[in-house]
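Heads up, the thing below is written out as structure tokens.
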Amino acid sequence: MTHAERQVRYRYGQHGNPSRYPATKSLNNLKERFKDAPMSQNTYEIDGIRYVVVSHYTGKKDIDKVISDLAEQRAYTEFGLSRS
């Protein structure tokens, strides 16, 4: 198990009461603020433990720039070029 995975388990309730950790309190605040925003949900399994990741789309990113950057990155990767 990596250090990051241990941190996730510790911070988000794999050990003890998750409500006593500040990160979880902030997470609950964000859930409340963006409960009406469009969202998606993905499930990942790490070392036999299931993690559910919920993404809320708040509209704070420029989607044109995000898609353009992803397309550019993919093109560089497919042609085996490095970005300068």
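Numbering of residues begins at 1 and proceeds along the displayed sequence.
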Q | Contacts of type side-chain contact (heavy atoms from CB on, under 4.5 Å), residue Ile67, not counting sequence neighbours | A | Ile63
In residues 35-45, what donor-acceptor pairs under 3.5 Å come from side-chain atoms, sequence neighbours left out?
from  : atom 1 : to    : atom 2 : distance (Å)
Lys35 : NZ     : Glu32 : OE2    : 3.0
Ser40 : OG     : Tyr57 : OH     : 3.0

Q) Can you name the residues that form a side-chain contact (heavy atoms from CB on, under 4.5 Å) with Asp62, not counting sequence neighbours? A) Asp64, Lys65
